[in-house]
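The block underneath contains the structure these notes are about, expressed in structure tokens.
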Amino acid sequence: MAFFLFSIYLLYSNTKLKRTQVALQLSEQRLKSTVEGSGDTLWDWNIATGEVVRINDRYMMPIGEKAHFIPNAHLIHPQDLVLVDRLLKQHFSEKTAFFEASYRLKDSLNQYHWVLDRGKIIEKDNNLNPLRMTGTIRDISHLKSTEERLNLFAKCVESLTDAIAIYDKQFRLVDLNPSYLVLFGGRREQYIGNMFSLPGYDERYINQVKVSLKETEHWQEELRLRNHKNTLLPIEVTIDEIKNNHGQITNYVVVYSDLTERKKAESQLHNLSNRDRTTGLPNRNLFFTNLKKLAHQDTHHALLVFDLDNFKKINDSLGHQLGDSLLAKLAMRLSKLVRQKDTLYRLGGDEFALVMAGTNDIHTITRAAKQFLAAIATPFKMANHELVITSSVGIVLFPDDGSTPEILLKNADTAMYHAKQKGNHYLFFNDSMNEQAVKRLQIENLMRFGLKEDHFVVYYQPKMDIKTGRLVGMEALVRFITPKKGIISPGVFIPIAEETGQIIDIGEVVLDKACKDVKRWIDQDLFDGRVAVNLSAKQFSLPDLTTRIDIILQKNQLPSYFLELEITEGTIMDDPKEAISIMRSLTARGIHLAIDDFGTGYSSLAYLKQFPLNTLKVDKAFVDDMVSERGRNMVDSIVTIAHNLDLHVVAEGVEKAEQLAALEQLNCQTIQGYFYSKPLSAHEFTAFLKAQKQRENENQPHLKVVN
């Protein structure tokens, strides 16, 4: 019985042992699979015998030598052996919890690979001497390659002369290179964690940069930034996005490139190729370059070309060196006379040119020509000689006399040639233009004198209700009456006044006189309507326009209700948004506004409905064209637009009964023109008002003002 029980126990034990062995094999197989899957090599070192057991061995070879402390020492790169030896001894002496070393190890193909070797002593004898150590080896060659590449890039970034800053995706600074501190000063710690900014630029500009960067992934601009010495420098700022493999933004790289030296070099190169060495003036090359740029601008310019009369005699008699010195002194003398926006050039030899930008004002141009001629004729004292020279000036206007620099220069030379025949003289390109220039200058001088001597007077043309024939207002019209020249047509003097800016003073004279006359007629109980006064484009653009009008109204004690300002269509369409702002300021004072010459410009209906207007005037050209069906339909359309916008309609230039009848049919409300009355002087208009008043008192068709 006992034997039977022992047999059963033995059988049970064997079965249990086999199960344990199977489980152990499975565990070892799983461990091996895990290690193989991780790419690591697992090693177990019997320190006493030197035997190393390995799994998935790629590097280890039979030891062959037992004299060295390190197993497989012959496979470790000689340059790394000292490091491995030191780290291993530190672990054996319990100075480190683990052994860990990166070194180069030779594989079975005799090729070195970077490996990460990690291990730990897991068994000791009774005397605490190490008996067994286990660990893993991992191939980190690809990591080392990446690390070396990153280190190379890092060294490159650190050695760059351009300042570089790296920000996170919230634009918070995370790193910078040494050149950043060289440029902006300070210490690294004071910048880390700061939000992106550009000194001297506000938050609104920074937000614009971020928006642009979001749209294009790249932003680049030349800015003026202060360095650590508080000096403004030209710096090109470049910003780029850095994204991960999923396309998500992780960082922003900002590069600051100091352009100071490049700008200096460019300036020096520019001066060498575009400056005359003798006089320091811009040369012929720059003359053509700049004149081409001006030719693309939609503005007027003037070109004055002059040379020195008989300059060759000075060179021949006194030498070229003294001649060059004379030219240099002349350039300095003339440069002092040049306006800030104008440029003096030396075209070559003794020929010079003055480009006057943004003007065709005859007075300004001729004054410059006279100043130059006088300055040139002033004697030069040089080398015990008193040199007296003269010059001749040819003048052309852009675009009247040519659309290209070549044509302008050719025509200016032609004019200068003719001017030489008169000696020490200036001349415009051709006779007709010269006559016109003289006439314009005379008109300008007459206007200047007329403003001083009160030669501008105001005439009034009645505005009549088309259905009742009653007076509802009048338009103030300027007349220029000179003692010697008589009446000068508005078509002659007004365009010149617009160009010279004299229209501002003339406009204020008209407004002042009109307000004064209307106040008198109101006090005499002859009138209670509105007077319409034209507002020029230059007046409309004045920054203190409303203040000027307020002063005139207060001076004459005229309520703003009695004033209507007529503004041309072209004036308000130059800058519609600004025009709306100005017009609202005027209407807020109770002043009525009318758009004059409607249909002759390029009004946008989208803007027209936004203008705070009260009246729309139909231009005389449309009224005259009403004899045709097309012309009549045009006026009909204009009147319909006005009524739809709730605007009062005035037709000007009505001269015939047929026009009156047609306008009445089209529901036009008010007319003005020779059919009722020509423009009248203040004295004549007083009589006109009294006659209207008398008719009213006699219960005949009488005045009734439309508000």
Side-chain angles (χ1 to χ4, degrees), residues 458 463 472-478 494 497-498 501 503-512 514-515 518 529-556 558-619 622 637-652 668-670 672 705-707:
V458 180
K463 292 182 179 180
V472 294
M474 66 283 205
E475 181 180 359
L477 301 167
V478 64
I494 286 181
E498 285 277 7
I503 194 67
I504 294 174
D505 293 329
I506 294 172
E508 289 196 0
V509 168
V510 173
L511 180 60
D512 181 62
C515 290
V518 170
R530 291 188 181 88
V531 59
V533 180
N534 289 284
L535 201 63
S536 72
K538 287 193 179 293
Q539 283 179 284
F540 191 74
S541 63
L542 289 171
D544 60 343
L545 172 65
T546 53
T547 303
R548 290 172 179 244
I549 294 173
D550 287 341
I551 291 172
I552 292 174
L553 289 172
Q554 292 169 9
K555 170 188 172 184
N556 293 285
L558 180 69
S560 57
Y561 165 86
F562 295 101
L563 177 62
E564 184 177 74
L565 296 175
E566 292 189 2
I567 309 167
T568 62
E569 183 181 13
T571 297
I572 60 178
M573 287 310 299
D574 283 343
D575 188 350
K577 292 183 179 179
E578 179 65 18
I580 291 172
S581 175
I582 297 171
M583 293 166 77
R584 284 176 178 168
S585 176
L586 293 171
T587 55
R589 288 163 165 74
I591 299 172
H592 273 222
L593 298 178
I595 183 170
D596 197 10
D597 301 335
F598 179 76
T600 60
Y602 302 92
S603 289
S604 164
L605 292 179
Y607 275 118
L608 187 59
K609 66 182 181 181
Q610 297 181 46
F611 293 138
L613 295 167
N614 305 97
T615 303
L616 184 149
K617 296 192 73 175
V618 181
D619 187 69
F622 292 111
S637 299
I638 294 174
V639 173
T640 301
I641 290 172
H643 287 327
N644 288 338
L645 294 174
D646 198 26
L647 300 178
H648 188 82
V649 182
V650 177
E652 57 184 1
C668 181
Q669 295 147 299
T670 304
Q672 70 178 88
V705 177
V706 177
N707 294 333

Give, for atom [atom1] of [X] and atom [atom2] of [Y], the distance between the pair rounded to the nearest 0.5 Å.
{"X": "Ile580", "Y": "Ser585", "atom1": "CD1", "atom2": "OG", "result": "13.5 Å"}
{"X": "Ile506", "Y": "Leu511", "atom1": "CD1", "atom2": "CG", "result": "14.0 Å"}
{"X": "Leu565", "Y": "Asp596", "atom1": "CG", "atom2": "CG", "result": "11.5 Å"}
{"X": "Ile504", "Y": "Gln539", "atom1": "CD1", "atom2": "CD", "result": "7.0 Å"}
{"X": "Asp619", "Y": "Thr568", "atom1": "CG", "atom2": "OG1", "result": "11.0 Å"}
{"X": "Ile638", "Y": "His643", "atom1": "CD1", "atom2": "NE2", "result": "12.0 Å"}

Check whether the side chains of [X] and [Y] place a donor and an acceptor atom closer than 3.5 Å, and report yes or no.
{"X": "Glu578", "Y": "Ser581", "result": "no"}
{"X": "Glu475", "Y": "Asn534", "result": "yes"}
{"X": "Thr670", "Y": "His648", "result": "yes"}

*Please walk me through it: do Ile572 and Ile582 pass side-chain contact (heavy atoms from CB on, under 4.5 Å)?*
CA-CA 10 Å; Ile572 60 178; Ile582 297 171; over 6 Å; no
*Would you sort out whether Thr615 and Glu564 count as a side-chain contact (heavy atoms from CB on, under 4.5 Å), showing the intermediate values?*
CA-CA 9 Å; Thr615 303; Glu564 184 177 74; 2.9 Å; yes
Between [X] and [Y], which heavy-atom pair has the shortest distance, and what is it?
{"X": "Cys515", "Y": "Asn556", "result": "CB-ND2, 3.8 Å"}
{"X": "Gly529", "Y": "Phe562", "result": "O-CD2, 3.0 Å"}
{"X": "Leu553", "Y": "Ser560", "result": "CD1-CB, 3.9 Å"}
{"X": "Ile567", "Y": "Leu593", "result": "CD1-CD2, 4.3 Å"}

Donor-acceptor pair, [X] side chain versus [Y] backbone, under 3.5 Å?
{"X": "Asp512", "Y": "Ile552", "value": "no"}
{"X": "Gln554", "Y": "Ile551", "value": "no"}
{"X": "Asn644", "Y": "Thr640", "value": "yes"}

Measure the shortest side-chain to side-chain distance between [X] and [Y] over non-hydrogen atoms and say whether it is less than 4.5 angstrom.
{"X": "Lys617", "Y": "Gln672", "value": "yes"}
{"X": "Leu563", "Y": "Val533", "value": "yes"}
{"X": "Leu613", "Y": "Met583", "value": "yes"}
{"X": "Ile549", "Y": "Ile591", "value": "yes"}
{"X": "Leu645", "Y": "Phe611", "value": "no"}
{"X": "Arg589", "Y": "Asp550", "value": "yes"}
{"X": "Leu616", "Y": "Val639", "value": "no"}

*Give a yes or no on whether a salt bridge exists between Glu498 and Lys538, defined as a side-chain N under 4.0 angstrom from a carboxylate O.*
no
*Going by an N to O cut-off under 4.0 Å, is there a salt bridge joining Lys463 and Glu566?*
yes
*Does CG in Asp544 sit with more than 12 non-hydrogen atoms of other residues, nucleotides or ligands closer than 6.0 Å?*
yes
*Would Val518 and Leu558 satisfy side-chain contact (heavy atoms from CB on, under 4.5 Å), going step by step from the backbone distance to the final call?*
CA-CA 8 Å; Val518 170; Leu558 180 69; 4.0 Å; yes
*Under the side chain to side chain donor-acceptor pair (under 3.5 Å) test, which residues partner Ser637, sequence neighbours left out?*
none
